[in-house]
Amino acid sequence: MSQVFRALSDPTRRRVLQLLRQGPMSAGDLSDRFDVSRPTMSAHFAVLKEADLVHAEKSGKSVIYHLKLSVLEEALLGFVHSFGLGEDAPEPNKETAK
């Protein structure tokens, strides 16, 4: 879970994930959306892959990235549940919730 939150800590990586919600994109198309070098974007892609938030697929000379939304959902739900929140969490006591 810590790798997921490390990946999410950077605004560029969060924006990449937002773009991938629209569908798979090539590394080049993603990189063109940012004002940073391609090696910098490659480093961002590596962090996202390490956190298992994206899947990279080779297509000719291109690399196509796919969002793995289930991994993100699982990490966020795990985080929420670690605080006793979520579907199975007990109702808060009205007196202590104030």
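With sequence neighbours left out, the side-chain contact (heavy atoms from CB on, under 4.5 Å) criterion links T40 to V36, S37, H44. The side-chain contact (heavy atoms from CB on, under 4.5 Å) test applied to A56 returns K49, V63, Y65, not counting sequence neighbours. For F5, the ring-ring contact (aromatic ring centres under 6.0 Å, His included) partners are F79, not counting sequence neighbours. Legend: residues meeting salt bridge (charged side-chain N to carboxylate O under 4.0 Å, His left out) with D10, ordered by chain and number and at least two apart, are absent.
Once rounded to the nearest 0.5 Å, the distance linking CZ of R14 with CG of L19 reads 13.0 Å. Atom CG of residue L67 and atom CE of residue M25 lie 12.0 Å apart, to the nearest 0.5 angstrom. One distance of note links CD of Q3 with CG of L53; it measures 9.5 Å at 0.5 Å rounding.
Cluster membership check: V47 does not share its hydrophobic cluster with L30, using side-chain heavy-atom separations under 4.5 Å among Ile, Leu, Val, Met, Phe, Trp and Tyr. In terms of hydrophobic clustering, with Ile, Leu, Val, Met, Phe, Trp and Tyr side chains grouped at heavy-atom distances under 4.5 Å, F83 and L77 are assigned to different clusters. Under the 4.5 Å side-chain heavy-atom criterion for ILVMFWY residues, no single connected hydrophobic cluster contains both I64 and L69.
Annotation: salt bridge (charged side-chain N to carboxylate O under 4.0 Å, His left out) contacts involving residues 64-85, sequence neighbours excluded, comprise D52-K68. The side-chain hydrogen bond (donor to acceptor under 3.5 Å, both in side chains) pairs that include a residue from residues 53-62 are E57-H66, where partners are two or more places apart or lie in different chains. Applying the side-chain hydrogen bond (donor to acceptor under 3.5 Å, both in side chains) definition to pairs two or more places apart or across chains, those involving residues 24-34 are S26-D29, D32-R38.
Side-chain atoms of R13 never come within 3.5 Å of backbone atoms of L8 as a donor-acceptor pair (strictly under, hydrogens ignored).
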What's the verdict on side-chain contact (heavy atoms from CB on, under 4.5 Å) for V54 and L17, showing C-alpha distance, side-chain angles and the deciding distance? CA-CA 8 Å; V54 298; L17 295 176; 3.9 Å; yes

